[in-house]
Number of protein chains: 2
Amino acid sequence: MESRCENCIIRQFNSLRAMSKEELKQVSDSKTTKILKKGESLFEEGDKLNGVYCVRNGVSKLSKLSANGKDQIVKLASKGEVIGQRSVIAQENTNLSAIAVSDMEVCFIPKETITHTLQKNPNFTLEVLRHMAHDLKEADDVIVNISQKTVKQRIAEAILYLKNNFGEDKDGFLALTLSREDISNVVGTATESAIRIISEFKKKGLIHTSGKKIGIKDEKKLQDMVEGF
Amino acid sequence: MESRCENCIIRQFNSLRAMSKEELKQVSDSKTTKILKKGESLFEEGDKLNGVYCVRNGVSKLSKLSANGKDQIVKLASKGEVIGQRSVIAQENTNLSAIAVSDMEVCFIPKETITHTLQKNPNFTLEVLRHMAHDLKEADDVIVNISQKTVKQRIAEAILYLKNNFGEDKDGFLALTLSREDISNVVGTATESAIRIISEFKKKGLIHTSGKKIGIKDEKKLQDMVEGF
DNA sequence: ACCAACTACTGATAAATGTCATATTTTTAA
DNA sequence: TTAAAAATATGACATTTATCAGTAGTTGGT
């Protein structure tokens, strides 16, 4: 099974591209590959992480449990993204759980390899920093969206987000199928509210559905809805 | 007026403490000091920043305007914090506005000085990275709070936050006085809702007020309220 | 000290969202 | 394949929050 990091295309999308040949070799020698089925967890909130996970395939939700027992999904991480960086860098237990929302293949890289490179290779550190700066901006946007947009707007936005980030299958459905509950947890609303609004979108002809699958029929109107028209 | 960065205690609180004597000297030579009165802005959303601001005194709100014309305050930055780092690092225009909520004294450090040090001093980069990792965690917490807690809980939390981060004056009022509108923008709600809930807290004896000033009377009950009792 | 402008407050009402109960459909696994 | 379990769907209703309208109180500038 042994693919070498040096040859892995995935790393072009993340901060590992700033590593030297030598460093990549070290990563490759210390990494382990892991297969996860949908629903399995990479780690749970509060866990101490011994390394980071580089996603080769599939999608993971990063979520946090709130006092009232509901999960809030903070980010969906897919191919090329590195999960767990924040906790390893801040040397804290993780504040999020990571659960596969589709079958996944990930590489585990021990934290020593990462921290060692962080101390030796300023380009790598800077690259990680840039990624984190980007994540922070996205988080700020999410805060503004959640507090200023209606649930309807946020659901429309989530549907467009899923299309733009994960694409559509041959039948015109979103390639990443989330349960209604997951959608409500992305958006930060009650599951029933999400379901109701999705039904409404369907009645209005903005989307079509089949089981839990959703397909976009009128992208422009969905976009208008996001902007508040 | 020329105080030297080498002697500035403020920098102990931020990533500048990882700079060498030499680098600090360079910062000191390139920096300019700026005084802001309450209400004045450091920069506006969309501006291209030519450097970062190190807060010596006072507090600034970092906020983002939403489509419906309301500001969402994403962070309050005070003594020791560096504002504008994210945009400079990501080499993007800023996504936030920074406006003084009290009189301020800040040092402006040109971005060349920062980016130069980022490339040369891995310890500094790592330190900045750690700070950003921390900010990102806080942002995640805000997302969960906003979407899962009621307005009442969030206002109680905001009041406690103001006490814990900025302290109280000799009369037992919060040392940082925000307008009701600013409070509503921190919490992500309508100004009238914030006012109504603050009045309710007062009637219940959780707080006392005098004009726009708020003082905590029953911290425990406020805390219970945050947890949802 | 006084006026204008701003900010805080309150009530009435509307709109959005959550909750609970229950029916229906889809998925899962024996 | 089929029964059980899980997820989706919908209605009725409760609760929360926003909006609009108007009054009272505070503050800063002359």
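Chain letters run A, B, ... following the sequence lines, proteins first and then strands; every chain starts at 1.
The side-chain hydrogen bond (donor to acceptor under 3.5 Å, both in side chains) check on B/Gln72 picks up A/Ser147, with sequence neighbours excluded. Under the salt bridge (Lys or Arg N to Asp or Glu O under 4.0 Å) criterion, A/Lys38 pairs with no residue at all, not counting sequence neighbours. Partners of B/Lys152 under the side-chain hydrogen bond (donor to acceptor under 3.5 Å, both in side chains) rule, at least two apart in sequence or in another chain, are B/Glu200. With sequence neighbours excluded, the residues forming a salt bridge (Lys or Arg N to Asp or Glu O under 4.0 Å) with B/Lys64 are A/Asp141, listed by chain and number. Under the salt bridge (Lys or Arg N to Asp or Glu O under 4.0 Å) criterion, A/Glu157 pairs with A/Lys149, sequence neighbours left out.
Summary for the helix from C/dA1-D/dT30 to C/dA30-D/dT1: the axes at its two ends, each from 5 pairs, differ by 60° when rounded to the nearest 10 degrees.
Along DNA chain C, the stretch of nucleotides lying under 4.0 Å from any heavy atom of chain B spans, 5' to 3', C/dT7 to C/dA12.
Heavy-atom distances under 4.0 Å link DNA chain C to B/Ser179, B/Arg180, B/Glu181 of residues 166-181 of chain B, given in residue order. Within residues 143-156 of chain B, no residue places a heavy atom under 4.0 Å from DNA chain C. Applying a 4.0 Å cut-off to non-hydrogen atoms, the residues of residues 193-216 of chain B that approach DNA chain D are B/Ser193, B/Arg196, listed by residue number.
Using a 4.0 Å heavy-atom cutoff across all strands shown, B/Thr191 reaches no nucleic acid atom at all.
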May I have the list of side-chain donor-acceptor pairs in residues 216-229 of chain A shorter than 3.5 Å, sequence neighbours left out?
residue	atom	partner	partner atom	Å
A/Asp218	OD1	A/Lys220	N	3.4
A/Asp218	OD1	A/Lys221	N	3.1
A/Glu219	OE1	A/Lys163	NZ	2.6
A/Lys220	NZ	A/Asp224	OD1	3.3
A/Lys220	NZ	A/Asp224	OD2	3.0
A/Gln223	NE2	A/Glu227	OE2	2.9

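Here ring-ring contact (aromatic ring centres under 6.0 Å, His included) pairs that include residues 66-111 of chain B, with residues two or more places apart or in two chains, are B/Tyr53-B/Phe108.
Residue B/Lys38 contributes atom NZ, which lies 10 Å from atom C1' of D/dT27 at whole-angstrom precision.
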